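So you know, we letter chains A, B, ... as the sequences are listed, proteins then strands, and number each from 1. Computation of the quantities below employed the complete heavy-atom set of this structure, encompassing side-chain atoms and omitting hydrogens, waters and symmetry-equivalent molecules. This is a predicted model, so every value here is computed, not measured.
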Amino acid sequence: MSRKEDLEKMILNSYEIIRQNDNQIQTAGPKDKLRLQRENDEQWSYVRNYLAEYTTLCERLKLRPLEDIIQIAAARFADLASRLSSITSTPTAKHRPSPPPPIPTFQQEEAASFRMNYHFVRQFVPMDTDTLVQFVLAFGNRGDVDLSQVDVVTHICLVLDVSGSMDVPDKYPYLLQAIPYIVDALSDNDWLSIVLFSSRSELVWSKDVASSRGQVEEIMQRIDQSGVKFARTYLAPGLQIAINEIEHFCQSQSGAVTRLYILTDGQLHDASECYRLNPELRRLEIEVNSYGFGQDFAEETMRKIMEGCQGGRVKWVGNTDTLRESFRHVGEVARNIVATDAELEINFSPDVTPGDAFRFDPGTHWFGTIDDRSKHFHTRIGGLEKDRVYVYAFEARLYPSQNEREQIATATLHYSFQSRRQSVKQEIFVDRTREKWRYEQVDKEIEYLFLVLEGLRAKDPKSMMGSLQARLKILRDEGGDPVQIELLEKAIAKLAAEGTLEGLSEFEMRQLRADTRTTRSLR
Amino acid sequence: MSYEFNEQQIAQQMIARNLPGLFELLLNLKGLTLNQRYTLRWLYAVGGQSILYFAESPNGQMAIVKMAFLPYHRAAYVSTEEIRRARQRLEEEASLLRRFCGTVLPEFYDMIYAPNPLHTPARGDEIANREPYLVMEFIRGRNLLEVARNAHRSGQPDYHALEWLAWQVAITVCDFSITISEQEDGCLYSDFNPLNAILTDNLDKPVRILDAGSLIPVQPKHSISPPFTWAYIPPEYYEAYDKGKLLWPTPGYVMYTLGKTLWEILTNRQPYPAENPDLSEPTLKNYSHHLQTLITNLVERQYDSFKQLKQAIESMPASRQLPKSKLAALLTTPQPAPTQELATMRVVPPLRPTAAVTTMQLIEVRRAQVDAVQALRYSPSGEYIAVASQNRVELWDARTLRQVRRFNSPHRSPVVSLDFDATGRYFASGSNDGTICLWNTDANDAVWQHQHKTINGLVALDARGELLVAATKWDAVVFYPQLAIRTERRFASIVDQCTCIALLKQQHLLSVGGLWGIRVWNLQTNSELISLRLGRGMMVWQVVFNNRGTVLAALASDSPSSDRYFIIAWDIDSYKPIHQTEVLGERVGGIALEPAGGFVAASSRNYLWIWKLGQKTECVRLPILAPTSTLDFAPDGQSLIVGTFAGRMQVYTIGT
């Protein structure tokens, strides 16, 4: 087989994969859709390389290109198609059925390294009645952009609890053993800082990973020989050291991404001091996450410390043995960051009433209701990782209209990629119909996603706490039943400690409904 | 009635009902004039199905304007169909008010269709510009829940008045139910609860029933969903409704809701959903056997019809009369009678100081004797004095020096500290067994209490009674009693010992005294403002701010065991010392700052002193006969009260 035939076969094979993917994309969920699109991007990049070689070969050897190949080139690479066509001088070139053009499933800015698409639970809405629509926005990096050489410098700052409660065989030794895993997983350009906290705190390590790699033993030794170990649990001083370290690092490496991870195993003795540091953490605009080690982890306290920060996720490491994997994951995630300072915004059309906004991935979060006056939603995302699909979900009420297709919102993702600011814009359209069977069609995968998110809204501990505290105040002010007051106090204490009312008896839950005076109607 | 205060309560209720943002939106309608006829002035109430505004007509007539309740703060989740249904209910309510005019329901005035700015124009003209507003009579009075809770929160509820109220409610509901059910297309009232009835000052029609929207046909109608409140409906209805199954209310159902409501009024106990009221509740014994029987029969649904109920009520001998004064008392906050033999008020001849320069004289104007007095504190208005006597906490009338309330004290050892908030509504107490309490001056039971062995009993309360600081052996710790929160916010003194605390309420400053000096903290920023070091070995025993927040004073000794006492004062703006006096040879029991910050008073075993700040000379040195424990200036600075361990309280007026 000649090189020309080789190339023809490879181009046609790639194109066949693209066609199959395009067929699947039409019915795929948001994550699969982005995966398939990414795969197609990759295939197209192969096709482009093959076509470039193929065109040159045909031009130099005066070989007639296949009509199919010219048509494939014409679908995406006009310059190559033009060159191939000019080689074809014979008007009787063999005609074969042309492959269908790729199905445009999303709009994209060619310059962007990321792409975005959207999916409705119900793509069709009725024309004559108002409807609540639910849709997700998914975005991820494009497959045809070579990210292998992109290395965003990441600063990983670990704030590790080495208080007395960690001094047990299934905690501290595992913590120590996990250190090499994070060093291994990070890139040479990354930076690692390690702060220990107990009654006192100490910055035991702050170096680039290339240097750290050969000094893993020394890191472990410094931790092991630190004088702050195994006393009481005072996080605030350690957090302050971390903040100072991060500020210092940011001044020297302005384009870097910083992620702060706090690992603790128990109740903090200085929670209020830590809360005071929350504004500073927010001001840094870094991602802050927490690992809860063991059974006594003060989850609510940690959530409050991180409140309003990017990330803000709490991961419970129940099995201390899995800490190594968690640390490896932290390193891998850091290595995967390819864009920074990402922000997502969505502007709804004037005739649309926006509802709630959620994040589904990474980590579920309820943002609350979007302001109907501004009709604008905005969130800072921070670093974007490659090969990850980010999913946000939105609800909105649409009013009757006779337009068959209507734009209801515009979403824009902004981010910095290789020192350039890029944006991906996605206009969101809804289709209207009078055919009932159409608007009854439901995308089950998206519907399930919203079911998961509904749980966040219904059991939001912050809303519940506000409500319970207000009820308690009213009852006390009015001189209500002391038994009911006691029950509310118990519920508040439980919610504060555990973040949920689950565990109260059915009887108590019913009693809690007693002084909600809302008169209801059955619907 | 304070409409502003009422709005604040609604704001609180909106949070309690988890409707954040709705209150602010509803306030936006204030000032809206409906077709040039009624102007909405105040938000009056937010119910489960309607929103009520207090409105005014051009000729000054006051009325209630009612509109359909919708979660406007979550507009995306309100369908046009729901809006139409809610409006339809309001229109039906209007027609029922018209139909049953002259009953105990509010009088119908008007139905106005006007724009509703809370709806987006995108919903179309009909929704945005044709909102129905029901205008009706404003009934002046208090709902049954307010009346009952107020009656019970006094130390000795007027059970006679409550019994009268219960009979009036029963009679009113019975008569009203007969009236509405016996007509063609008769109705039932499906949502009877204490919020839907009002006690007025009209003895001819003392009880009025609100919310005609709770009227439903006697015969089931599938297009109607009966309104109800979970806690009051019979258990079998609760079970059915909870499963989404509709059971149509009956006269027995209405009588059950009446029985549960009466039980709540009489006992001040919270009725629970799906549970019959506890008929063995001890408080019920304070009422007549007939009334207890009536409630039992209502709950057990012993009456087949409202007529049978009426016959039963009429057959029960019960006092149906109530003096106008008692009705007025039910409608206002009760003032309980004194609970202890009163001290005789007497005016004693002025006692002149025995030494030093004096430009001031103290005249004892009142005194009273109790067991022992450890702490005294004037309320911010000067109307009351909180008294800590042994482990008791009491409220005394400052003018008459008579006890007006003894609180149900959980303190098991002597109460050593008291502090009012700026409103005088709340005050805190602390005893040296580590118990601290928050009190509402209107209620006998503590609003909140907490006990921990490390607490030394010294307490301070912020301006709104929301933040309570307690001293421990080591530092001061902050609580939010009304939110059931104990924070981890701790404020230390200079060395690891805390002996005293004081709060400057307006400026959120906490002063913590102990060994070597005082630290002043800003509670809003949790940051230290200044350290006032008195020197190694010095021990601060008491810190006080004056009411105007201009001076901080401390009582200190040169060592923890010394009898050499000093009084030092600082100007708050600069924290420069403005006064220092050594009190020679006397063990000082306490100090107090004159509210304007011009004088400091101190008391010891033998003397009561007053110094003018900035001058080392005494204005007053008054011999006293018993060791003093505590003293306080009245807020107007015109008098001073002193308490002694022997149980004497003496009020002096200050003259020059």
Side-chain angles (χ1 to χ4, degrees), chain A residues 129-132 268-273 275-276 301 350-356 368-370 372 395-397 399-400 463-464 466-484 487-489 492-493 496 507 510-511 513-523, chain B residues 9 12-13 15-18 20-21 47-49 73-81 120 122-124 145-146 149-150 152-153 191 193 195 211 214 225-231 241 244 246 268-275 440 442-443 445 447-448 478 482-485 487-490 526:
Chain A
T129 56
D130 57 322
T131 316
L132 184 76
L268 304 176
H269 291 121
D270 62 344
S272 59
E273 297 297 312
Y275 299 154
R276 281 176 52 200
T301 309
D351 284 353
V352 172
T353 302
D356 288 352
T369 305
I370 300 168
D372 189 29
E395 293 175 327
R397 181 158 295 274
Y399 301 105
S463 311
M464 277 199 285
S467 169
L468 288 172
Q469 288 181 335
R471 284 167 60 189
L472 180 63
K473 189 171 189 323
I474 290 168
L475 275 186
R476 279 177 171 164
D477 283 350
E478 291 180 355
D481 184 353
V483 179
Q484 186 71 3
L487 176 65
L488 282 168
E489 286 172 345
I492 288 169
F507 177 63
R510 210 167 55 207
Q511 286 184 326
R513 288 168 80 173
D515 66 317
T516 51
R517 298 271 166 187
T518 314
T519 307
R520 298 166 190 226
S521 289
L522 289 174
R523 296 245 162 83
Chain B
Q9 287 184 312
Q12 194 73 17
Q13 287 161 9
I15 301 168
R17 287 168 60 182
N18 205 358
Q49 297 198 86
H73 63 302
R74 292 180 58 74
Y77 302 92
V78 181
S79 70
T80 303
E81 181 55 32
T120 168
R123 288 197 188 263
L145 195 66
E146 285 177 305
R149 283 182 173 171
N150 255 323
H152 283 281
R153 71 196 302 177
D191 189 23
N193 68 65
L195 293 179
D211 193 16
S214 295
S225 301
F228 63 92
T229 302
W230 288 107
Y241 289 177
L246 179 61
N268 196 32
R269 291 290 314 278
Q270 174 74 53
Y272 291 128
E275 270 181 61
N440 183 325
D442 289 337
D445 293 315
V447 171
W448 171 88
V478 170
Q482 300 194 49
L483 303 179
I485 289 175
T487 69
E488 293 298 329
R489 292 168 65 190
R490 289 178 172 272
N526 294 322

Chemist: Based on non-hydrogen pairs under 4.5 Å, which of A:Val483, A:Thr129, A:Ile370 is most in contact with chain B?
Modeler: A:Val483
Chemist: With only heavy atoms counted, which part of B:Ala443 is less than 4.5 Å from chain A, the side chain, the backbone, both or neither?
Modeler: neither
Chemist: Are B:Asn526 and A:Tyr275 close enough that some pair of their side-chain heavy atoms sits under 4.5 Å apart?
Modeler: no
Chemist: Once rounded to the nearest 0.5 Å, what's the spacing between atom CG of A:Leu475 and atom CZ of B:Arg149?
Modeler: 5.0 Å
Chemist: Which pair of non-hydrogen atoms, one from B:Ala16 and one from A:Ile474, has the smallest distance, and what is that distance?
Modeler: CB-CD1, 4.0 Å
Chemist: Give, for atom NZ of A:Lys473 and atom CD of B:Gln9, the distance between the pair rounded to the nearest 0.5 Å.
Modeler: 9.5 Å
Chemist: Please report the interatomic distance CD(A:Gln484) to CZ(B:Arg269), rounded to the nearest 0.5 Å.
Modeler: 9.5 Å
Chemist: Charged N to carboxylate O below 4.0 Å: is that the case for A:Asp356 and B:Arg74?
Modeler: yes
Chemist: Does A:Arg510 have any side-chain contact (heavy atoms from CB on, under 4.5 Å) partners at least two apart in sequence or in another chain, and if so, which?
Modeler: A:Phe507, B:Tyr238, B:Pro273, B:Ala274, B:Glu275
Chemist: Any idea which heavy atoms bring A:Pro354 and B:Ala76 closest together, and the distance?
Modeler: O-CB, 3.5 Å
Chemist: So how far is it from B:Tyr272 OH to A:Asp481 CG, rounded to the nearest 0.5 Å?
Modeler: 5.5 Å
Chemist: Taking B:Asn268 for the side chain and A:Gly479 for the main chain, is one N or O donor matched with an acceptor at less than 3.5 Å?
Modeler: yes
Chemist: Pick from A:Ala396, A:Gly466, A:Gly480, A:Pro482: which one has the most heavy-atom pairs with chain B under 4.5 Å?
Modeler: A:Gly480
Chemist: Which atom names give the shortest non-hydrogen contact between A:Arg397 and B:Val78, and what distance separates them?
Modeler: NE-O, 3.1 Å
Chemist: Looking at chain B, which one of A:Asp351, A:Val352, A:Asp130 has the largest number of heavy-atom pairs inside 4.5 Å, strictly under?
Modeler: A:Asp130
Chemist: Going through the checks in order, is the side-chain contact (heavy atoms from CB on, under 4.5 Å) test met by A:Arg476 and B:Asn440?
Modeler: CA-CA 9 Å; A:Arg476 279 177 171 164; B:Asn440 183 325; over 6 Å; no
Chemist: Measure distances from B:Ser79 to the heavy atoms of chain A and classify the residue's part below 4.5 Å as side chain, backbone, both or neither.
Modeler: both
Chemist: Please list, chain by chain and in numerical order, all residues satisfying side-chain contact (heavy atoms from CB on, under 4.5 Å) with A:Ser463, sequence neighbours excluded.
Modeler: A:Trp366, A:Asp460, B:Asn18
